[in-house]
Amino acid sequence: MGTNYRLRRQLSTILLYTIIGIVLVIIAFPVYWLISTSVKPGIETATFPPVYVPSSISFENYEAVLRGENLKFFINSVIISLSSTFLTTLMGSMAAYALAKSYLAFWLRRSLMLWILVTRIFPPITTIIPYYVIIKGMGLNDTHIAVIVTYVAYGLPFVIWLMLGFFQDLPADIERAAIVDGCSMWQRFRQVVLPLTLPGLAVTAIFAFIYAWNEFLYASILTSVQAKTLPVMIATFMSDQYLRWGEMSAMGSMMIIPVMIFSAATQKYLVRGLTFGAVKG
Amino acid sequence: MAEIVFEHVTKRFGSVVALNDFNLRIADKEFVTLVGPSGCGKSTTLNILAGLEDPSEGLVYIDGQVVNDMPSGKRDIAMVFQSYALYPHMTVRENIGFGLKVRGMPKAEIDRRVQEAAQILGIEALLDRRPRALSGGQRQRVALGRAITREPKAFLLDEPLSNLDAKLRTQMRADLKLLFTRLGGTVLYVTHDQAEAMTLSDRVVVMKDGVIQQEGEPLKLYNDPDNLFVAGFLGNPAMNFFTCTPTYQGDRLTLSTGSIVWPLALPPEYGKVLSQAGQQVIVGIRPEDVTVGLPGQLPDESSVPCVVEVVEHMGSLNIIYTSVEGTRIVATTESDFVARSGDLARLALNARKLHLFDPTTTRRLRAA
């Protein structure tokens, strides 16, 4: 009986690790493929059957993409992503806090929440042309501001919905204690509420950052030279005459680094944030 | 410290009236407890005074000044919450000093006051810990520290002991009494625990459904309740109630329940009141005013037969649940009283400690 139980337990452990292994391979393979393609000799990038292990390693693709104006596009991406992440998180959390703490009629709150979500309902492509005309009319074409404003507008619904849950989960007595302690609304928000919802902020910031960092459609329409971002730049490795897999992969490999750094820096809060509110405790 | 006055305060939440024409004057340095069951409006009263809720009608005064439109932070009151409501991201020191910091007090003065409060409460060793590293009792002390360090006009305490275990609660109750006697502050204390109300307060206000049922010194309320609710709410074990019919045996006014005629004589002054009350009255008597004896221990002419249902040994006393022809009557006896379930016994009521209530109005019927 005891041996049987032990055997079953060992088998289930093996099974568990096997499943984890398969999942890991599925998740990690694209990343491996991206990085290996970036260092493969050009001839091995598009052969059949595929070459899984490069015959030799070279960094010439990296050298190629780091030359010229590409650094500028990298800086553009950083400026746009960080600014839009900061603004989205700040404005979204303030809006969510106001919504969480205001006494609104049920139907009004419901309508507001749905209305906030409206921008996420239709596919971005449907509005892109009029949007472009408006931005151009305002003289903001090919500027950082145009892209930042767009990302903030698109990121806000997500931040508001997510942060609302965090604010609503915050024990009411803690805020009441702050009120009795003499805090103004702003002091309450900054000194008590925000520090307690850091996990939520971290999660929303990561998602906002990833969205802005990877966004292609709006960036490709709204920018041309000055404010061009990395995803748009990567697309230029592709045309009807050529397909530069190696450089595209090198750029892609470098592009995932900031996201990984950003995620690692906020990881401490991330796990707490994603599970926050699941169990009251 | 300050006098606090509620003048015709009403609070409605939609169609629900949480507080109905509430009037209360709390003298400077008085310890007043609001007690009542859940939903009686006691916490609403506290929140209105704290500025966390606005009254629908009526005026609230602190120190002679109307504070209805004054923000909470400007009212100079401190509050201790049932959940303690400590700031989890701050250390004990920061928690206690936060209210002073917000008010822009110099750091040296904050440090001095925090140190002083910590010393009073015996939590000096905990100052650099965070709330999650503290036990319930320690958190309670920190919450108190946060209140006393402010040196406010009044302390508001919202069921501060209800999250503690029974032993700690009794200990903290005594500590609280000592603390506020020492500080000499005006205190409005909210609890649903009648023992806290009785032991801590100068004055107890019993509430139900947003209305004050009775207010007065604890023992006055205990011994002389105005209505059925107050009589039943205060006291543990609770007062016995049973329905009786006033009966004359010759000239003697007595009470009967079913076929039992209670062997006691009510003062003749009750005659007029009882005749007005109608056919029946509710009799209330506290367990300590009921005497239980085994057959032969109590004279037959002054007692009635009963059956012992349950005996609870509390250590210092026994609580005996008896049945007198189906009517349950609870009595307390000395701890050496020996009886078992099913025993036949006899039971006598102390006629001078009977309380009579009108079954319709639930008001106390007092001898004219």
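By the 4.5 Å heavy-atom criterion applied to side chains, A:Val192 and B:Phe98 are counted as neighbours. Side-chain contact between B:Arg75 and A:Val180 is absent, with no heavy atoms from C-beta onward closer than 4.5 Å. Proximity of A:Gln191 to B:Tyr87: side-chain heavy atoms (C-beta onward) are nowhere separated by under 4.5 Å.
Heavy atoms of other residues, nucleotides or ligands lying less than 6.0 angstrom from CG of B:Asp128 number more than 12. The number of heavy atoms from other shown groups lying within 6.0 Å of CZ (B:Arg25) does not exceed 12. Heavy atoms of other residues, nucleotides or ligands lying less than 6.0 angstrom from CE of A:Met113 number more than 12. Enclosure of atom CZ in A:Phe122 by more than 12 non-hydrogen atoms of other residues, nucleotides or ligands within 6.0 angstrom is indicated. Environment of CG in A:Leu117: crowded, with over 12 heavy atoms of neighbouring residues, nucleotides or ligands closer than 6.0 Å. Within 6.0 Å of CZ on A:Phe86 lie no more than 12 heavy atoms contributed by other residues, nucleotides or ligands.
Interface remark: B:Ala78 contributes backbone atoms only to the contact with chain A (heavy atom separation under 4.5 Å). Residue contact with chain A, scored on non-hydrogen atoms closer than 4.5 Å, involves the backbone of B:Leu86 exclusively. Residue A:Glu175 does not touch chain B at all, counting heavy-atom pairs closer than 4.5 Å. Of the two parts of B:Lys101, only the side chain, counted from C-beta on, holds a non-hydrogen atom closer than 4.5 Å to a non-hydrogen atom of chain A. Residue A:Ala178 touches chain B through both its backbone and its side chain, counting heavy-atom pairs closer than 4.5 Å. B:Asn47 touches chain A through its side chain: at least one heavy atom from C-beta onward sits under 4.5 Å away, while N, CA, C and O do not.
Taken from CG in A:Asp173 to CE in B:Met79, the straight-line distance is 7.5 Å, to the nearest 0.5 Å.
Between the side chain of B:Arg103 and the backbone N or O of A:Asp181, at least one donor-acceptor pair lies under 3.5 Å. A donor-acceptor pair under 3.5 Å is absent between the side-chain atoms of B:His89 and the main chain of A:Val193, judged by distance alone.
Nearest heavy-atom pair, A:Ile174 versus B:Pro88, reported as atom, atom and distance to 0.1 Å: CD1-CD, 3.8 Å. Among all heavy-atom pairs drawn from B:Ala85 and A:Ala177, the shortest one is O-CB, 3.8 Å.
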